[in-house]
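The structure under discussion appears below in the form of structure tokens.
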Amino acid sequence: MADPQDVLARRVQTALGAAFGAEYAGTDPVIRPSQFADYQANAALALAKRLGRKPRDVAADIVAHLDAGDVVRDIEISGPGFINLTLRADWIADRAQELLADPRAGVPVQQRQNIPIDYSAPNVAKEMHVGHLRTTVVGDALARTLEFLGHNVIRQNHLGDWGTPFGMLIEHLLEVGEGSAEADLVKTDPNRFYQAARAKFDGSEEFAARARARVVALQSGDPATLRLWRELIELSKAYFNRIYAKLDVTLTDADLAGESMYNDALAGICDELEEKGIAVVSEGALCVFLPGFTGREGKPVPLIVRKSDGGYGYGTTDVATLKYRSEVLKADRAVYVIGAPQAMHLKMAWGTAKAAGWADGTEPVHVQIGNVLGTDGKILRTRSGAPIRLMALLDEAIERAAKVVGEARPDLDPDTRARIAQQVGIGAVKYADLSVAHDTEYVFDFDRMLALHGNTGPYLQYAAARIRSIFRKGGLEPEQATGPIELGEDAERALALTLLGFGPVVAHVGDTLEPHRLSGYLFELAQAFTTFYERCPVLKADDDSVRASRLALTAATLRVLVQGLDLLGVQAPEQM
RNA sequence: GCACCCGUAGCUCAGUGGAUAGAGCAUCGGACUUCUAAUCCGACGGCCGCAGGUUCGAAUCCUGCCGGGUGCGCCA
């Protein structure tokens, strides 16, 4: 492909074989971006010891055997034995031209894998919080990216749709009446419904008793109870789908794979674990003790697969999820986009499934999601200490964006402004989640994420909007800009070289499941474009060939920006 | 107590065992008869928590310590 780093690696490897013998042709040539050239090859330093020669002499030998005149303009040995490589401008231009003609913009198609991705996972009749927001946004970006790389992505929205709270929720639903305004709160403000149920449960012994009886009825499959349970789920789905629509994530009802889905499998799982000697009864509960998991005072920590009352908790269902994803979905990788605090629990559930032989051929991966903090450094809450309503938070982002758009673009009609505000506000929130490493905590700060400066969604959207403005003004479609690309100015060369990095970085995200790498790349690209934009007039270029080349570079940049943002799940407005 | 994660510029964060550790924000100084000045350019800013070790070479790998976060038996 057109990845310069890859091309250079192969050329240098060939040189290594030619210079030192075939057994050296497999050595990592250690090609890295360089501050003194485009790239540097650092293989000589590591090889010097193996060969018993001076690093600089080894480097000279590599250079003498390097056949790369068609790719590289300048080769220089410097320092203790670094080989600095400067690419030919015409080679970069040709690769950029290929990228422009490639519908995939240089992104490779990878060996197809089955990849279930567990993400979002809100609870029925409960408000989604910023933690859900983050797993939803990160998981969705991974799903989009892996799909684009050619994988068979199976979205698994592991809804919290089962458990003891449903006793009180169903009883509360009965009391307020199906179809009542109170019941409709589940669709709009689920925490108020949940808290009302909770208050009754805590305040009335009689209600609590009914709730407990209702749990038993639910678990034993009582049809009337099941119908009410399904009603609650339907109401909640309306809420989730409003959030998902506002967030522009790809989850649909078809992706729902809630806890209850595994109910029928749990008893069998426990029996089999016990038969295989993996699980033992301890203090009345069926437990799996795995080596390496100890808690306070060195006591072994169990994964409880059957509670002493005979019920099942999330330990059992999480064993069941991996079993299902491995045996039924034939997962090559099973991705869990879940909060970092659950790391130990997941390891135990997976360890149990593996011990039982239920995860053969499947690599489970935990994409750990760090906590979201407020500007005070604490878990994000409202001033009164209540958890923040996700819908209100998204609306605030849109409102803030609308205020900026209203001030900056009074010339646009209200509908257009509203649409831009929606795209910018939501894009800013999503990009903020995606621009930092998923496993670190990060500070939620509207002012920062909505800024036009820095590594923000709006900055990238603005770069794309300016490009579209160029084509509007020039009276042509981006597709009509076909070059040929010729690189003269430094800014043109730097932009073209940056464009070539798109495919590799997307592939890297697919391998490491780190979307923030793509964000960082897109930010670099937007910066490279902005510099180009400042220094290189496109429409007003001096002559036609330069104009055609710059238009092509601009079109390629738009393609990569829009495609990259799309992989992250962020929209690129036509204008801003 | 044990386990996992984290400690990088005043702040928020990047950083593939490679040369003089990078962005953005903030601060200061510049740039607009020119495709969107909401965008750019420059300056300032660092014992990469501390101490050892491995290595030709460590922010990166290993060990110990200090500081912060999280988890550790019947909620999920």
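Just so it is clear: chains get the letters A, B, ... in the order the sequence lines come, proteins before strands, and each one is counted from 1.
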**Q.** A/Lys473 or A/Glu534, whichever maps to the more 5' nucleotide of RNA chain B
**A.** A/Lys473
Q: May I ask you to evaluate whether A/Tyr462 reaches the phosphate of B/C40, defined as a side-chain N or O under 4.0 Å from OP1 or OP2?
A: no
(Q) So, does A/Arg517 get its side chain near the phosphate of B/U16, meaning an N or O under 4.0 Å from OP1 or OP2? (A) yes
Q.
Using a 4.0 Å heavy-atom cut-off, does A/Ser282 contact any base of the nucleic acid, only the sugar-phosphate backbone, or nothing at all?
A. base
Q: Please check the phosphate of B/A23 (OP1 and OP2 only) for any side-chain N or O of A/His453 closer than 4.0 Å.
A: no
Q: Report which part of the nucleic acid A/Phe523 touches: base, sugar-phosphate, or nothing (heavy-atom distance under 4.0 Å, all strands).
A: sugar-phosphate
(Q) Using whole Å, what does the distance between atom P of nucleotide B/C25 and atom CG of A/Leu452 come to? (A) 11 Å
(Q) I want to check one thing: is the phosphate of B/C41, taken as OP1 and OP2, less than 4.0 Å away from some side-chain N or O of A/Thr530? (A) no
Q. 5'-most contact on RNA chain B: A/Trp162 or A/Val301, nearest heavy atom basis?
A. A/Val301
Q) Distance check: side-chain N/O of A/His158 vs OP1/OP2 of B/A76, anything under 4.0 Å? A) no
Q: May I ask you to check whether A/His453 and A/Tyr459 place their ring centers less than 6.0 Å from one another?
A: no
Q: Would you indicate what A/Gln575 reaches in the nucleic acid, counting non-hydrogen atoms under 4.0 angstrom: base, sugar-phosphate, or nothing?
A: base
Q. If pairing requires Watson-Crick or G-U wobble contacts with both distances under 3.5 Å, which nucleotide is the partner of B/G71?
A. B/C2
Q. Whole-Å distance between B/A14 P and A/Tyr442 OH?
A. 12 Å
(Q) Partner lookup for B/A31, please. Criteria are Watson-Crick or G-U wobble with both distances under 3.5 angstrom; report none if nothing qualifies. (A) none
Q: Taking atom types as modelled, find out whether A/Asn371 and A/Tyr442 have a side-chain donor-acceptor pair closer than 3.5 angstrom.
A: no
**Q.** Short side-chain N/O contact from A/Arg296 to OP1 or OP2 of B/G73, under 4.0 Å
**A.** yes
Q: Tell me whether the OP1 or OP2 atom of B/A76 has a side-chain N or O from A/Lys126 closer than 4.0 Å.
A: no
Q: Compare side-chain N and O positions of A/Thr531 against OP1 and OP2 of B/C40 and report whether any pair is under 4.0 Å apart.
A: no
Q) Base, sugar-phosphate alone, or nothing: which one does A/Ala48 contact when heavy atoms must sit under 4.0 Å apart? A) nothing
Q. What does B/C25 pair with, Watson-Crick or G-U, if both distances are under 3.5 Å?
A. B/G10
(Q) Under a 3.5 Å threshold, yes or no: a donor from one side chain and an acceptor from the other, between A/Tyr336 and A/Asp318? (A) no
Q: Tell which nucleotide pairs with B/G57, taking only Watson-Crick or G-U wobble pairs whose two distances are both under 3.5 angstrom.
A: none
Q.
Less than 4.0 angstrom between a side-chain N/O of A/Gln35 and OP1 or OP2 of B/G18, yes or no?
A. no
(Q) With a 4.0 Å cut-off on N to O distance, would you call A/Arg417 and A/Asp413 a salt bridge? (A) no
Q) For A/Phe82 and B/A19, are the ring centres under 5.5 Å apart with planes inclined under 30°? A) yes
Q | Distance, C1' atom - from B/C48 to B/C6, rounded to whole angstrom | A | 14 Å
**Q.** Complementary nucleotide for B/G52 - Watson-Crick or wobble, under 3.5 Å
**A.** B/C62
